[in-house]
Amino acid sequence: MTGRPTVVVIGAGFAGLAACRELVSAPVDIVLVDRHNFSTFQPLLYQVATGGLNPGDIAYPVRSYVRKHPNLTFRQETVTAVDTESGKVEIADGELISFDYLIVAVGAATNYFGVPGAAESARAIYTMEDAVAVRDKLARSIERASSRGVQPGELTVVIVGGGATGVEMAGALAEMRRMQLATTYEGISASDVRVVLVEQQDRLLAPFAERLSAYAATALSQRGVEVRCDESVAEVTPEHVVLKSGEVIECGLVLWAAGVGPCSLAQALDVPKVKGRLAVDEDLRVSGHDNVFAIGDVAAAAATAPLPQLAQPAIQGGQHAAKQIRLLLASQPTQPFRYHDKGIMATIGRRSAVAEIFLGIKLKGTLAWMAWLGLHIVFLLGVRNRLSVILNWAWRYLSWRRVGRVIVGN
Ligand SMILES: Cc1cc2nc3c(=O)[nH]c(=O)nc-3n(C[C@H](O)[C@H](O)[C@H](O)COP(=O)(O)OP(=O)(O)OC[C@H]3O[C@@H](n4cnc5c(N)ncnc54)[C@H](O)[C@@H]3O)c2cc1C
């Protein structure tokens with residue numbers, strides 16, 4: 001009980017942590033709530049799923065940051081409801097946490113778009129649990145095929161969605177097949193492993209320039225990935241996928257990278273929405289609520305085109321919301337949020353990536369790959385994680401050695 005206003009921040013992802021960083025020097029008490037006690041660096045989840053990185057390399061323990069700031073406390077809890085009228089959030093066991101200001105930064109969730117069987121039989125790569133489950137499933141199939149002989153379709157992976165996540169996952173699997181499986185597991189040859197990437201638009205990486213999309217498609221095809229554009233998945237079962245064209249692909253694993261939708265808390269909140277995301281005014285306050293902000297993937301502007309669900313809008317939104325709380329505390333008017341687009345990038349594999357950066361500069365190949373490696377190191381949280389990722393990448397890209405996937409699940 002310090003007498004200072006309490007700011008509750010729900011979500012310790014890119015957006016929530018950026019808000020906390022800006023608020024720790026303000027005259028407030030901050031309560032950060034997340035269902036996990038770590039922050040996940042989602043852009044590298046696919047490398048955990050393919051065994052290239054360890055889960056700990058891309059997980060930043062929230063308490064490493066919290067312990068440095070006396071006005072910041074952390075609760076590992078799942079928020080189940082928010083009462084904006086009384087200024088309280090409810091956590092899973094019914095306990096209420098009061099707030100003067102609230103920042104909702106709970107991200108998004110996998111969207112299966114109602115495709116029959118997808119939620120039950122496809123795997124997402126949205127959380128650390130997802131990535132570890134995919135890694136275990138892949139490793140288990142490979143071990144079984146190596147010891148008992150490859151069954152039809154057993155080592156076929158169908159990736160649904162040709163955005164950055166789908167392309168990166170396809171590239172990583174192609175590299176794993178080409179350079180590692182056949183040399184590590186007896187009884188398995190590269191031709192036993194099939195990677196199919198399905199995209200319903202007429203090109204991969206739709207937000208990128210057409211020539212970068214074309215480069216990505218060619219680079220994947222050269223690595224043996226079957227790229228199917230203008231195609232979509234009509235049904236998923238545990239043994240196969242059915243494409244819209246009627247083709248049936250027998251497969252051991254379906255990876256769902258086709259898009260995101262609102263998470264359960266966003267769905268439960270009784271506030272204005274834009275396509276399931278919380279509608280915010282230009283200062284990032286939830287429309288109609290003076291002391292509630294929504295930032296990152298969970299939020300969308302009510303009046304203008306929604307920002308892409310990427311790390312930079314989340315980080316910049318977090319900083320902006322925190323600054324608005326400072327202004328409100330000083331009885332000053334809030335300011336509109338202006339997003340500074342720093343570009344987009346996606347990697348296909350070793351010495352192959354695409355990037356669109358400032359001044360409209362477009363890069364592909366080795367230069368884009370070096371930029372991709374550098375930026376991901378810079379944005380990773382924690383010195384230990386950066387060193388660990390650098391060591392893992394150096395080991396992998398210089399020696400190609402990453403033998404044997406470890407299975408940790410049951
Ligand atoms: C596989 C993948 C690859 C990506 N690659 C890129 C990329 O290359 N470049 C890029 O810019 N962006 C990328 N993104 C998108 C980027 O990661 C997101 O836009 C960004 O993480 C959004 O930040 P956020 O803080 O809004 O949400 P998140 O980072 O998702 O954080 C939300 C937090 O809220 C917590 N939470 C959720 N619900 C509750 C609840 N009810 N109670 C308590 N806590 C809760 C979660 O545990 C989580 O920690 C990728 C995303 C994925 C999934």
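In listed order, ligands and their atoms are each counted from 1. Being a predicted model, the structure only gives us computed values, none of them experimental.
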Polar-atom distance check: [X] versus ligand 1, any N or O pair below 3.5 Å?
X: H36; result: yes
X: A314; result: no
X: R35; result: yes
X: L310; result: yes
X: D297; result: yes
X: V79; result: yes
X: Q312; result: no
X: Q309; result: yes
X: F14; result: yes

Can [X] and [Y] be counted as having a side-chain donor-acceptor contact under 3.5 angstrom?
X: R177; Y: S191; result: no
X: H36; Y: E129; result: yes
X: D281; Y: S287; result: yes
X: D57; Y: N392; result: yes
X: S352; Y: Y215; result: yes

Nearest-contact summary for [atom] - protein heavy atom, Å:
atom: atom 17 (O) of ligand 1; answer: Q42 OE1, 2.7 Å
atom: atom 31 (O) of ligand 1; answer: G13 CA, 3.3 Å
atom: atom 39 (C) of ligand 1; answer: V106 CG1, 3.7 Å
atom: atom 25 (O) of ligand 1; answer: A15 N, 2.9 Å
atom: atom 27 (O) of ligand 1; answer: G107 CA, 3.3 Å

Requested in this report: Side-chain contact test, heavy atoms from C-beta onward, threshold under 4.5 Å: evaluate it for L173 versus L255 and give yes or no.
Outcome: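 Yes, side chains in contact.
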Query raised in the report: Quick one: are L204 and L197 in side-chain contact, heavy atoms under 4.5 Å?
Result: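 Yes. Closest side-chain heavy atoms under 4.5 Å.
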Salt bridge present between [X] and [Y] (N-O < 4.0 angstrom):
X: R228; Y: E226; value: yes
X: R35; Y: E77; value: no
X: K88; Y: D83; value: no
X: R350; Y: E175; value: no

Show me which atoms of ligand 1 lie under 4.0 Å from any heavy atom of [X].
X: A311; answer: 10 (C), 11 (O), 12 (N), 16 (C), 19 (O)
X: E77; answer: 42 (N), 43 (C)
X: G296; answer: 26 (O)
X: Y126; answer: 53 (C)

Query raised in the report: Under 4.0 angstrom from ligand 1, any heavy atom of A105?
Result: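 Heavy atoms of A105 do come under 4.0 Å of ligand 1.
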Query raised in the report: Is Y46 near ligand 1, meaning one of its heavy atoms is under 4.0 Å from it?
Result: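 The answer is no: ligand 1 sits nowhere under 4.0 Å from a heavy atom of Y46.
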Query raised in the report: Should the pair F41 and H376 be assigned to parallel (<30°), tilted (30 to 60°) or perpendicular (>60°) ring geometry?
Result: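 Ring orientation, 0 to 90° scale: perpendicular.
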Query raised in the report: How are the rings of H69 and Y65 set to each other: parallel, tilted or perpendicular (split at 30° and 60°)?
Result: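 Because their plane-to-plane angle lies in the 30° to 60° range, the rings of H69 and Y65 count as tilted.
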Query raised in the report: Which bit of E168 is near ligand 1, meaning a heavy atom under 4.0 Å away: side chain, backbone, both or neither?
Result: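 Answer for E168: neither.
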Query raised in the report: Does ligand 1 have a heavy atom under 4.0 Å from the side chain of T165, from its backbone, from both, or from neither?
Result: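 The side chain, only.
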Report task. Tell me, with the steps shown, if Q324 and F293 meet side-chain contact (heavy atoms from CB on, under 4.5 Å). Result -> CA-CA 9 Å; Q324 303 321 294; F293 291 80; 3.6 Å; yes
Nearest option to [atom], as decided by whichever heavy atom of [options] sits closest:
atom: atom 1 (C) of ligand 1; options: V9, I125, V48; result: I125
atom: atom 47 (O) of ligand 1; options: L45, V62, L44, D34; result: D34
atom: atom 6 (C) of ligand 1; options: A18, A19, P43; result: P43

Query raised in the report: Is it true that W372 and W393 have ring centroids separated by less than 6.0 Å?
Result: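 Under 6.0 Å, so yes.
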